[in-house]
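Atoms within each ligand, like the ligands themselves, are counted from 1 in listed order.
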Amino acid sequence: MPNTTWNRHHILSLSDFTTFEYNAVLQTAASFQEVLSRRTKKVPTLQGQVVANLFFEPSTRTRSSFEIAAKRLSADTLNFASSTSSMTKGETILDTAKTYLAMGTDIMVIRHKDAGVPQAIAQEMDNLGVKVSVLNAGDGQHEHPSQGLLDLFTICSLIDPNNPRIELLKGKKIAIVGDILHSRVARSNIWSLTASGAEVHLAAPPTLLPKYFAEYLGVTKGYQRLFTHWHIEPALENADFVMTLRLQKERMTSHLLPSLREYHQLFGLTYDRIKKCQPHVKVLHPGPVNRGVEISSDLMDNPEISLIQNQVTSGVAVRMALLYFIGSGRHYS
Ligand code: NCD
């Protein structure tokens, strides 16, 4: 029998998300989207709870989005930036987390440049026997579940704003283009989009989409609907949605590209290129964007085609839904 209650205490990855969980997030985010359109945009759901944003890596939209989401749910928020914290004096990550625990934090939203840090803190909280929930806001190249879910919500609510659900993507063709190798956004999206029944086409130069990556996902994981291309054209052919990704220069340890100009020529999204897609194609980007590299400026700014601003708006409602699920049930589990 399919699971019909929310049992997840931490949100660390989408790899084991169920259809029930995807749809619960989509439906709840739609309700919060409605709340956000009202004159009074606040609900008392997390009144008295503390949400700490522990960002050990730079962020603009994810951090602000979690902060406003927590505030709309009436939680108290704490913000931390590693550059101005006691970590500069040698404090460890776990000790920083325990300091926030001692201040009464209920939910820790964690971003770190290394994969596995939110998981390690969640494990530590569980070992201590405290009911603190951890939400992964992006760990290294591993996962960025709230971004994967907001991308899913952006697409599904465009198709059916009144009833967004994962089944709406069945049979749709979605291209993910760019620095797949270093992208946690791509990894989380691969889980959610393949779970939806969409056909997912990854496209990047071989240095950013190594054969082992494709083989691992395609063969080891048995994905039937995941395709990889070292040219952009086959990925774009008849695509319904195209997600383009930033070149993550901060994670590149060697020269993986001849030049940004050549990358744009071969993989940049332009009006001319998207003619190969469906006429109704929409373009997504998690941000921050390097204009003129992964996408041309004019295409990015066209609200008829670009969903980039919708993604940012959706992010608040989706993060409210995630905080709601891990925050409101915690005292009863
Ligand atoms: C992404 C991230 O941090 O992984 N951005 C985001 O969260 N909005 C993608 C990126 O940095 O390119």
Side-chain angles (χ1 to χ4, degrees), residues 11-15 25 29 53-70 79-83 109-119 134-155 175-193 202-205 208-209 213 242-253 256-257 260 263-264 267-269 283-295 300 306-320 322-323:
I11 299 176
L12 302 171
S13 156
L14 296 186
S15 62
V25 172
N53 285 321
L54 307 183
F55 277 62
F56 299 94
E57 196 193 58
S59 166
T60 305
R61 66 212 80 212
T62 305
R63 178 151 71 158
S64 315
S65 180
F66 269 113
E67 185 174 355
I68 191 72
N79 281 308
F80 159 95
S82 48
S83 56
V109 178
I110 298 172
R111 166 168 290 196
H112 199 279
K113 68 172 178 38
D114 295 329
V117 169
Q119 289 78 355
V134 174
L135 216 155
N136 178 4
D139 63 325
Q141 298 171 206
H142 175 230
E143 279 224 42
H144 193 347
S146 67
Q147 182 71 42
L149 292 167
L150 79 85
D151 292 339
L152 187 70
F153 179 74
T154 305
I155 298 176
I176 305 181
V177 182
D179 186 355
I180 313 277
L181 177 65
H182 300 101
S183 175
R184 52 199 178 203
V185 175
R187 282 168 179 76
S188 289
N189 267 292
I190 288 169
W191 293 120
S192 55
L193 297 175
L202 309 177
L208 300 178
L209 182 51
F213 183 90
V242 183
M243 193 174 289
T244 170
L245 301 169
R246 183 175 68 88
L247 295 171
Q248 309 247 322
K249 279 177 258 162
E250 72 277 21
R251 296 189 216 287
M252 294 186 191
T253 47
L256 298 175
L257 295 165
L260 293 183
Y263 177 81
H264 182 70
F267 284 92
L269 222 54
V283 170
L284 296 99
H285 191 306
V289 179
N290 287 145
R291 284 176 181 266
V293 180
E294 61 265 17
I295 184 169
M300 170 182 170
S306 162
L307 295 178
I308 298 173
Q309 294 307 319
N310 305 42
Q311 286 172 279
V312 177
T313 307
S314 300
V316 179
V318 167
R319 290 177 173 123
M320 283 173 82
L322 299 181
L323 294 172

Just to verify, which of E143, H142, Q119, H144 counts as forming a side chain to side chain donor-acceptor pair (under 3.5 Å) with S13? E143

List the protein residues in contact with ligand 1, where contact means a heavy-atom separation under 4.0 angstrom. R61, T62, R111, H144, Q147, R184, V185, R246, Q248, P286, G287, P288

So, R246 and H285: side-chain donor and acceptor under 3.5 Å apart, yes or no? no

Could you measure the distance from the CD atom of Q309 to the CE atom of M300? Nearest 0.5 Å is fine. 7.0 Å

Any side-chain heavy-atom pair of I190 and L202 under 4.5 Å: yes

From the list L208, L245, I176, side-chain contact (heavy atoms from CB on, under 4.5 Å) with S183 holds only for L245

Is D139 reaching over with its side chain to a backbone N or O of G116, donor-acceptor style, under 3.5 angstrom? yes

